[in-house]
Amino acid sequence: MKSSKDKIYFSNVGLQPIVIVNGLWAYSNSYGCPSHVYLFPTNHTYKYVKILENTLRVFCPDIVLEYNIVDEVDILSMIASFTSKIIEYKNRNFMTIVDITAGRKTMSVALYSAALKAKSDIVMYLHLKDNSYMGIFYPMIPKPLIDLVILYGKA
Amino acid sequence: MVRLKINVNEIMIALNNITDDSFVINTPLYRNDLYEIDFYRNRLKKDYMKDFLSYLSTFKGIYRISAYDIEIPSKENIRDSLLKASALKIPEYPEIINMIKDLYVKSSFDNPTINLLAIDTNILYNRFLSNIENNIPEMPPILVSGCVVDEITYASSHKFDAKISSLKKIVQTFNTLNLFKKVYSFNTPSMKARRAFIALRELEHLKNTYRVSFTNSSNCKGDKSIVQDYAKQRNIFNNIVFLTFDSDSRLYAYKNGIKSIFIRTPNFDTPEITYGNMEELIYQLLQVFMILKIYDGNRSFMLYAMWPGKKIDEWIAGKILLETENEKIHKEILVARKINSIILDYQ
């Protein structure tokens, strides 16, 4: 998979780590791997960070992974930390990709809001049209049942 | 060219990579298309199977081939493949599902009842319980007679015999003897054995997923011995319900005082194909046709049911051989395996 040095991919971490794997797989399959991945787990999902690092590196071997634990019920504080992180990387000349698929709805709302506020380059989510494929790895889901939706920006 | 042994649930990776709109299932040994599937609308687009089978039956007439030569595709073995893949409607399906659902009773100190679902051999051959499991919230405990296991393991040792089967004559007329030699040798399990491996794969799935008990009967003779074995078990278990596709066994169970649930075998028909049964349908057809080509325009992959040195464990695990020029398929299968193993290790 093609690697690009100046892209960072932001995602929340919910109870299903495969959602993040699928999002990054779908994105990198079309547009190449980002060089950095920044995760926002909660106290409950922090335990998935290591496994995510191992799985994401199977198909994007060179990614640098960072994370910051957030409080999943405090929307305003989440918006503040997401926004400052996205702006920090924009100032360092990164192209910013925000995936709002994973995590609780409160987390998705906060990340979407922060992405617009920080003028992120791309906001995306992975649309799964059949819940019976939840928890299945992207290439094993019939492709008409899964879409990478770009909500904002141009990939 | 890449060759890789794959599992049934990895077929979707290959389908995703070659299909734009629809794909065709083709039998290279007989140089015929069988079905065209509309991948985006999740349904069958064209059914070539009926025409193919009537075309094939003209050869059966010319060569005076016996109806017992099950190595040659027929309406019966295609119907069985469709049934195993859950692509045929079973008559009275909702009633049968409700009867099986009702068997599950939460056992407690006050209510120590346990209903056992005693299965006939044909339940395993037809993958009936796998095909209904999504509609059964709690599967009742399953009882498997030693006679059932005996019958299947005996059948699984049966080898293809070119002296008995007229298959070679037929493929010669299609000029595909080279392909035939790739999958048929003295060591190739016969159609009878391949069906038995399908049943053993089902038994493994049931053992790994549900509460399954076995009786220790062996050296059984005939279908009646299965019912007789379950009748004996009533001394240990009070409530045994016998599940079968065989009307004679059902009558025999009645005569022996065992309650039964009878499933009528559907007729050969146009299959109902969905994402949920696509991979299994391809796998089941492969057991009949031995080689399949799946294509959409110029993009394709081949599947082989047999290869030199294929082990019994690989038959039972449902392994097949994929051959493709598309390296992306190969890469994605390896990545999927690695990711699934990391996630499984973690769990």
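Naming convention: chains lettered A, B, ... in sequence-line order (proteins, then strands); numbering from 1 in each chain. All figures in this text were calculated on a predicted structure; none of them were measured in a lab.
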Counting only heavy atoms not in A:K119, do more than 12 sit closer than 6.0 Å to its NZ atom? no

Counting only heavy atoms not in A:Y46, do more than 12 fall under 6.0 Å of its OH? no

Turns out that what part of A:K47 lies under 4.5 Å from chain B's heavy atoms comes down to both

So for B:N17, is it side chain, backbone, both, or neither that comes closer than 4.5 Å to the heavy atoms of chain A? neither

Rounding to 0.5 Å, atoms CZ (A:R57) and NZ (B:K338) come to a distance of 13.0 Å

For the interface with chain A, which of B:N9, B:N134, B:N16 has the highest count of heavy-atom pairs at distances below 4.5 Å? B:N16

Other residues, nucleotides and ligands only: do more than 12 of their heavy atoms fall within 6.0 Å of CD on B:E204? yes

Give me the atom names and distance for the closest heavy-atom approach of A:M140 to B:M12. O-CG, 3.4 Å

Counting only heavy atoms not in A:I75, do more than 12 sit closer than 6.0 Å to its CD1 atom? yes

Quick one, B:L15 and A:K143 - any side-chain contact, counting heavy atoms below 4.5 Å? no

Any idea which heavy atoms bring A:P142 and B:Y275 closest together, and the distance? CB-CD2, 3.5 Å

Over all heavy atoms of both residues, which pair between A:Y133 and B:G276 is shortest? Give the atoms and the distance, please. OH-N, 4.1 Å

B:I97, CD1 atom: more than 12 neighbouring heavy atoms under 6.0 Å: yes

Look at atom NZ of A:K129 and say whether more than 12 heavy atoms of other residues, nucleotides or ligands are closer to it than 6.0 Å. yes

Value for NZ (B:K331) from CZ (A:F59), rounded to nearest 0.5 Å, stands at 10.0 Å

Do B:E332 and A:N29 pass the side-chain contact (heavy atoms from CB on, under 4.5 Å) test, and can you show the C-alpha distance, the side-chain angles, and the key distance before you say yes or no? CA-CA 11 Å; B:E332 285 191 2; A:N29 223 3; 3.8 Å; yes

Heavy atoms of other groups near B:E327 CD, more than 12 under 6.0 Å: no

Atom of B:I343, atom of A:I51 and distance for their closest heavy-atom approach: CA-CD1, 3.9 Å

Quick one: does A:V58's side chain get under 4.5 Å of B:R337's, heavy atoms only? no

Hey, what do you get for CD1 (B:I342) to NZ (A:K50), rounding to the nearest 0.5 Å? 10.5 Å

Contact origin within A:I141 toward chain B - heavy atom pairs under 4.5 Å: backbone

What residue in A:T55, A:N54, A:V21, A:I18 has the most heavy-atom pairs under 4.5 Å with chain B? A:T55

What's the separation between atom CG in A:L145 and atom CZ in B:F39, rounded to the nearest 0.5 Å? 8.0 Å

